[in-house]
Amino acid sequence: MCGRFDLTASMDELIQEYGGVPVEQLEPCYNIAPSRNILVARQENVIGIRWLYLRWGLIPHWEDHVNTGYKLFNAVAETITEKTSFRDCFAARRCIIPATGFYEWKQADGGPNVPYRIRLKTGKPFAFAGIYNKWKPPEGGEPIESCSIITTTPNKVTRPIHDRMPVIRVPPTFMLFCTLRKSQKLKAQHVLGL
DNA sequence: CCAGACGTTGTT
DNA sequence: GTCTGG
DNA sequence: CCAGACGTTGTT
DNA sequence: GTCTGG
């Protein structure tokens, strides 16, 4: 899961890593929570990569009131193409959400919940996979754009702490590629593009 | 057909 | 808006 | 996700 | 315990 994260990287660092044109930058924050406006980057026609702030907590477009209804701050990757609330967003409106770390809570033996921060060894920023949406108030007025972070099963680092973690985009410098042996076949989920 | 749900998490 | 359950 | 609140009255 | 606000 991912219900809280931090972002302390500069806009310059983010632009260098992901491209696009700088926008106003908020104070570095170690405690970003659902319902806050968070920085995202998305691909737009004509202008290309655009940085902007969206409300964290997806509001389905049929919702009647902005203050009621579900708080969709996470979307389970395994079922995202089946869920009414996420399917169209996933097909057409994806974004990345930059972060320098995320928090997971683990209950100490019968004790209180203890937060852990998970981050890259280098301290560099990385990005969550996200989806976004536009909600128009039935009574008229300003539309609200909102987003949700996609979650998946944990990797080795996160597994001891929690059974879910955000789908992460790691900078290209952390990656390599290799060719496949004949016996290896690609499955649909390998090419989803997350 | 209409009515009602539409989500995640953790906890039990 | 769209799917599920009755 | 956590932190913090968690009400009533009369009137429409 | 459960809901709301951040």
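Because the structure is a prediction, the values reported are computed rather than measured. All chains are named by letter (A, B, ...) in the order of the sequence lines, taking the proteins before the strands, and each is independently numbered beginning at 1.
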Chemist: Quick check, are the ring centers of A:Tyr132 and A:Trp56 under 6.0 angstrom apart?
Modeler: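 Between A:Tyr132 and A:Trp56, the centre distance exceeds or equals 6.0 Å.
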Chemist: Could you name each residue pair satisfying side-chain hydrogen bond (donor to acceptor under 3.5 Å, both in side chains) that touches residues 24-35 of chain A, not counting sequence neighbours?
Modeler: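 Found A:Arg4-A:Asn31.
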Chemist: Residues in side-chain hydrogen bond (donor to acceptor under 3.5 Å, both in side chains) with A:Ser85, at least two apart?
Modeler: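 side-chain hydrogen bond (donor to acceptor under 3.5 Å, both in side chains) list for A:Ser85, sorted by chain: empty.
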Chemist: So which pairs with a foot in residues 37-48 of chain A pass side-chain hydrogen bond (donor to acceptor under 3.5 Å, both in side chains), sequence neighbours left out?
Modeler: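 Every pair satisfying side-chain hydrogen bond (donor to acceptor under 3.5 Å, both in side chains) with a residue in residues 37-48 of chain A: A:Arg42-A:Glu44, A:Arg42-A:Glu145, A:Glu44-A:Arg50.
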Chemist: Short of 4.0 Å, heavy atom to strand atom, which residues of residues 32-41 of chain A count as contacting DNA chain E?
Modeler: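 Nucleic-acid contacts, sorted: A:Ala33, A:Pro34, A:Ser35, A:Arg36.
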Chemist: In which ranges does DNA chain B form stems of 3 or more consecutive Watson-Crick or G-U pairs, distances under 3.5 Å?
Modeler: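 The stems that DNA chain B takes part in, listed by first number, are B:1-6 with C:1-6.
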Chemist: Run the ring-ring contact (aromatic ring centres under 6.0 Å, His included) test against A:Phe73 and tell me which residues pass, sequence neighbours left out.
Modeler: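 Partners of A:Phe73 under the ring-ring contact (aromatic ring centres under 6.0 Å, His included) test: none.
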Chemist: Report all interatomic pairs (protein N or O, nucleotide N or O of nucleotides 4-6 of chain C) with separations under 3.5 Å.
Modeler:
none

Chemist: Sequence neighbours left out, what passes salt bridge (Lys or Arg N to Asp or Glu O under 4.0 Å) with A:Glu78? Give chain and number order.
Modeler: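 Salt bridge (Lys or Arg N to Asp or Glu O under 4.0 Å) list for A:Glu78, sorted by chain: A:Arg164.
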Chemist: Can you name the residues that form a side-chain hydrogen bond (donor to acceptor under 3.5 Å, both in side chains) with A:Thr8, not counting sequence neighbours?
Modeler: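 For A:Thr8, the residues satisfying side-chain hydrogen bond (donor to acceptor under 3.5 Å, both in side chains) (neighbours in sequence not counted) are A:Thr100.
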Chemist: What does the list of N/O pairs under 3.5 Å between the protein and nucleotides 5-8 of chain B look like, with a distance for each?
Modeler:
unit_1, atom_1, unit_2, atom_2, d
B:dC6, OP2, A:Tyr70, OH, 3.2
B:dC6, O3', A:Ser85, OG, 3.2
B:dC6, N3, A:Trp62, NE1, 3.1
B:dC6, N4, A:Trp62, NE1, 3.2
B:dG7, OP1, A:Thr84, N, 3.4
B:dT8, OP1, A:Val76, N, 2.9

Chemist: List the residues meeting salt bridge (Lys or Arg N to Asp or Glu O under 4.0 Å) with A:Arg36, not counting sequence neighbours, and say none if there are none.
Modeler: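 Expected list: none.
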Chemist: Partners of A:Pro115 by side-chain contact (heavy atoms from CB on, under 4.5 Å), sequence neighbours excluded?
Modeler: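 side-chain contact (heavy atoms from CB on, under 4.5 Å) list for A:Pro115, sorted by chain: A:Trp105.
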